[in-house]
Amino acid sequence: SKAVPPSFVFNLKHNKVLHKNVVFLTVGTQEVPYVPSNERLTFQKIDRGFYRVVVNLGFSDSSDLPKILNNLAGLIPDFDSQEATYFL
């Protein structure tokens with residue numbers, strides 16, 4: 001989905017804070033046991049500080065998202081999956 005997550009909008013209205021980097025993350029599970037590692041992550045820069053990431057996993061793939069998101073460190077300035085705040 002290309003919509004802005006309601007949790008993001010609520011946080012922005014409630015806390016009146018816009019973080020330096022915002023990653024809209026979508027995680028999908030495919031109907032195959034494994035998705036090849038080079039096809040698991042799709043990255044798109046939307047605008048300065050805004051990114052869209054889609055993670056596709058097979059039903060037997062590891063779903064350790066912080067580990068998977070470590071791949072973003074070279075794409076997003078100052079990104080550290082261990083320091084990130086997640087809104088579900």
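Numbers here simply count residues along the sequence, with the first being 1. Computed from a predicted model, the values in this text were never measured in an experiment.
- Looking at residues two or more places apart in sequence or on another chain, you find no ring-ring contact (aromatic ring centres under 6.0 Å, His included) involving F50.
- When the side chains of ILVMFWY residues are joined at heavy-atom separations under 4.5 Å, either directly or via intervening members, V35 and V55 end up in two distinct hydrophobic clusters.
- Contact detail for Y51 and I46: the closest heavy-atom pair is C-CD1, 3.9 Å.
- Residues passing the ring-ring contact (aromatic ring centres under 6.0 Å, His included) test with F59: none are found, sequence neighbours excluded.
- Rounded to the nearest 0.5 angstrom, K16 NZ and N11 CG are separated by 11.0 Å.
- K13 places no side-chain N or O within 3.5 Å of a backbone atom of F10 that could act as its donor or acceptor partner.
- A distance of 11.5 Å separates OG1 in T42 from CZ in R52, rounded to the nearest 0.5 Å.
- The ring-ring contact (aromatic ring centres under 6.0 Å, His included) search around F24 returns F8, not counting sequence neighbours.
- Taking 4.5 Å as the limit, every side-chain heavy atom of L69 sits out of range of all side-chain heavy atoms of V23.
- Counting only residues at least two apart or on different chains, no salt bridge (Lys or Arg N to Asp or Glu O under 4.0 Å) pair has a member in residues 3-12.
- You'll find the side chain of N71 stays beyond 4.5 Å of the side chain of F43, heavy atoms only.
- Considering CG of L75 and CG of L41, their distance stands at 8.0 Å, rounded to 0.5 Å.
- To the nearest 0.5 Å, atoms CG (L12) and NE2 (H19) are separated by 9.0 Å.
- Distance check, rounded to the nearest 0.5 Å: OG1 of T29 to CG of N56 gives 8.5 Å.
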- Query: What do the steps show when you test I68 against L57 for side chain to side chain contact (heavy atoms under 4.5 Å, CB included), and what is the final call?
  - Reply: CA-CA 10 Å; I68 293 168; L57 301 170; 3.8 Å; yes
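- In this view, N38 and P36 satisfy the side-chain contact (heavy atoms from CB on, under 4.5 Å) rule, not counting sequence neighbours.
- Listed by first and then second residue, the salt bridge (Lys or Arg N to Asp or Glu O under 4.0 Å) pairs that reach into residues 32-41 are R40-D61, sequence neighbours excluded.
- No continuous path of ILVMFWY side-chain contacts below 4.5 Å connects L65 to V54, so the two sit in separate hydrophobic clusters.
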